[in-house]
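Notes for the one structure printed next.
Quick note on labels: first sequence line is chain A, next is B, and so on, each numbered from 1. Note that the structure is predicted; figures quoted are calculated from it, not measured.
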Amino acid sequence: MADKITVGYTHLSGCTGCTVALADNYAGLLTLLDKYVDLKYMPTLADARHIQQVDVSFVEGSVCINDKLAVEEIKETREKSAIVVALGGCACYGNITRFTRGGQQNQPQHESYLPIGDLIKVDVYIPGCAPTPELIRNVAVMAYLLLKGTKEQKDLATAFLTPLMKLAAKNEACGCDLIVDVINQGLCMGCGSCAASCPVRAITMEYGKPNVERDLCIKCGACSAQCPRGFFNTDVISQYEAINEAIMAALQ
Amino acid sequence: MGAELGNYKSCVSARSTDKELLKHAQDGGIVTQLFAFALEEGIIDGAIVAANKEFAAKYPSKCMQDSSNFDMIEPWRPIPAIVNTKAELLAAAGTKYNISPNVSLLKEATRSFGLDKVGIVGTPCQMQAVRKAQLYPVGMRNVGASIALAVGIFCMENFPYQSILQLVEDHAAMKMESVKKMEIGKGKFWVYGKRGQVVQLPLKITHKYEQPGCHVCLDYVANLADVSTGSVGSPDGWSTVMVRSKIGDSVWGKAMAAGCFETQPIEKVKPGLELVTKLANEKITKNKKTLEGRATFGVGKALRNPYI
């Protein structure tokens, strides 16, 4: 179909959890592929694996700079994509690969892993470990509207994606971002979003404020991105009802 | 209608028709009655509420447990909890005037508590958190679609627990465990004792104890809730109710049809929406100034603005 957007999926040093999260949209994924997205290449879910020219590429995993192929792939991804989306904590922030010291079979010399933003310019971040199927879906639909929609839809998609584009300015994340960017800045109001969004239960709410067990934190970036005082684009979120309905209708 | 009250489909002054329930309620018993009805009808299969010490002693497995409350919960410290029955709802009813991180249970409600249709009550900022979790679910997998009813409460500001402790014990000279009810109304902070004593503090005293994060909040009446409610605008014992979303409209309509609430037109009651509008404007104007002040807080350095 001519009005589909072309999408690619580059898989670097990631555990395939992001792939599974994408697939966990179930029927929604099939509708996406049916109506809106032409999936050009993707290990695991498509036959084609080699990087091609696309509108949007999703990248799972961080880049092992001791692996020549990985470095070439991330550079080629950037060169051949209009929009690069860092999918998941590893691509955005390094996540658990930040803890590597090498020495594993069968490539013991692989010890240096970088978030993709350290090597290429990234346009959109989807943090979290794993990222949620719903946010991947929302970003995919918004990317479609941005490239193929009416003027009004383009404006909405831009407004929706802007905070996720701003997240790409920073390649490091940690539970202590909550203290540094929210509490130290006098912004925390004690809702508990951070504690709920932490995939490893590193955050508890003590007297209404987050307490981060930093030994447990895997640096996925979910907590500070979920925090309503991290970013809150009132103009978009106050239209939550209409936007949710439109997305659900699009995936029928 | 100005932007200060958000979008709403209807607004009334209301109170529960359940006399027993009203004995436990802060004002018109709106939140408790609405959740009780929604539980009974299967609109929700559980709700996240702010419970307390007594509730936690009776229903420990329903509470958010962490190292700060595992050994000891102080009187009047709110504990986020899941309720599944009317008895549990009644045990948790009433306003606590300090921070209850209800959103912290939002994912857990759909996991270990196994809820498919979650109700949640919270302040305007917590309703913002709920909607952000639905639209930008970074770490909230399978949560957004499970939120079946979000009830917001009017809120000028909130207090850390230690602030309430100081206000009640140092300023009002009462023991926390002897307090029957707290209330902010008619320009004062009221503390009612179990023996019938009443102490009032001017809000001039309470202001400095407010949580700083509240001073950048631009929402007084929970604009993003399905239904929002608060005492302001309605006579004593009644609450002002604003029905905002399609979900809110549907649930409120069913509850009205079932005779859960008696209502009066908001235009007919004193002080009415005029006071709600005035206070909403006061909050928004004051906090916009705070945000502006933050932009030039240092020398060529700004504090962070969460809205841009």
Contact part of [X] toward chain A, heavy-atom cut-off under 4.5 Å: side chain, backbone, both or neither?
| X | value |
| --- | --- |
| B:Gln134 | both |
| B:Pro160 | neither |
| B:Asn102 | backbone |
| B:Glu157 | neither |
| B:Gln128 | both |
| B:Val143 | backbone |
| B:Arg294 | side chain |
| B:Asn305 | neither |

For atom [atom1] of [X], is the number of surrounding heavy atoms from other residues, nucleotides or ligands below 6.0 Å larger than 12?
| X | atom1 | value |
| --- | --- | --- |
| B:Lys288 | NZ | no |
| B:Lys9 | NZ | yes |
| A:Glu172 | CD | no |
| B:Arg111 | CZ | yes |
| A:Glu152 | CD | no |

Nearest heavy-atom neighbours spanning [X] and [Y]:
| X | Y | value |
| --- | --- | --- |
| B:Cys125 | A:Arg229 | CB-NH2, 4.1 Å |
| B:Met140 | A:Ala196 | CE-CB, 3.7 Å |
| A:Gln226 | B:Ala133 | NE2-CA, 3.4 Å |
| A:Met205 | B:Ser104 | CG-CB, 3.9 Å |
| B:Ala129 | A:Pro228 | CB-CG, 3.6 Å |

Is the shortest heavy-atom distance from the side chain of [X] to the side chain of [Y] under 4.5 Å?
| X | Y | answer |
| --- | --- | --- |
| B:Arg141 | A:Leu135 | no |
| B:Leu224 | A:Ser238 | yes |
| B:Lys132 | A:Ser193 | no |
| A:Arg137 | B:Pro137 | no |
| B:Ile308 | A:Phe231 | no |

Using 0.5 Å steps for rounding, measure from the [atom1] atom of [X] to the [atom2] atom of [Y].
| X | Y | atom1 | atom2 | value |
| --- | --- | --- | --- | --- |
| B:Cys155 | A:Met189 | SG | CE | 10.5 Å |
| A:Asn244 | B:Arg131 | CG | CZ | 9.0 Å |
| A:Tyr207 | B:Ser163 | OH | OG | 13.0 Å |
| A:Leu187 | B:Leu303 | CG | CG | 8.0 Å |
| B:Tyr307 | A:Asp235 | OH | CG | 12.5 Å |

Between [options], which residue shows the highest count of heavy-atom pairs closer than 4.5 Å to chain A?
| options | value |
| --- | --- |
| B:Leu135, B:Asn158, B:Leu105 | B:Leu135 |
| B:Gln126, B:Lys107, B:Gln211 | B:Gln211 |
| B:Asn98, B:Val138, B:Ile99, B:Leu106 | B:Val138 |

Query raised in the report: Do side-chain atoms of A:Glu241 reach the backbone of B:Ser245 as a donor and acceptor pair under 3.5 angstrom?
Result: no

**Report entry** Donor-acceptor contact below 3.5 Å, side chain B:Arg304 vs main chain A:Gln185
**Finding:**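 Not a single qualifying donor-acceptor pair exists.
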
Which answer fits [X], side chain, backbone, both or neither, if we ask what part of it has an atom under 4.5 Å from a heavy atom of chain B?
| X | result |
| --- | --- |
| A:Pro210 | neither |
| A:Cys198 | backbone |
| A:Val139 | neither |
| A:Leu164 | side chain |
| A:Ile126 | neither |
| A:Cys220 | neither |

Query raised in the report: Are any of the side-chain nitrogens in B:Lys246 or A:Glu245 under 4.0 Å away from the carboxylate oxygens of its partner?
Result: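 A salt bridge links B:Lys246 with A:Glu245.
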
Report task. Report the C-alpha distance between B:Tyr136 and A:Asn233 in whole Å, list the side-chain angles of each, state the deciding distance to 0.1 Å, and finish with yes or no for side-chain hydrogen bond (donor to acceptor under 3.5 Å, both in side chains). Result -> CA-CA 11 Å; B:Tyr136 293 96; A:Asn233 46 349; 2.9 Å; yes

Most heavy-atom pairs under 4.5 angstrom with chain B, which of [options]?
| options | result |
| --- | --- |
| A:Ala195, A:Cys188, A:Ala21 | A:Cys188 |
| A:Ile243, A:Ile203, A:Asp181 | A:Asp181 |
| A:Gly221, A:Pro199, A:Pro133, A:Pro163 | A:Pro133 |

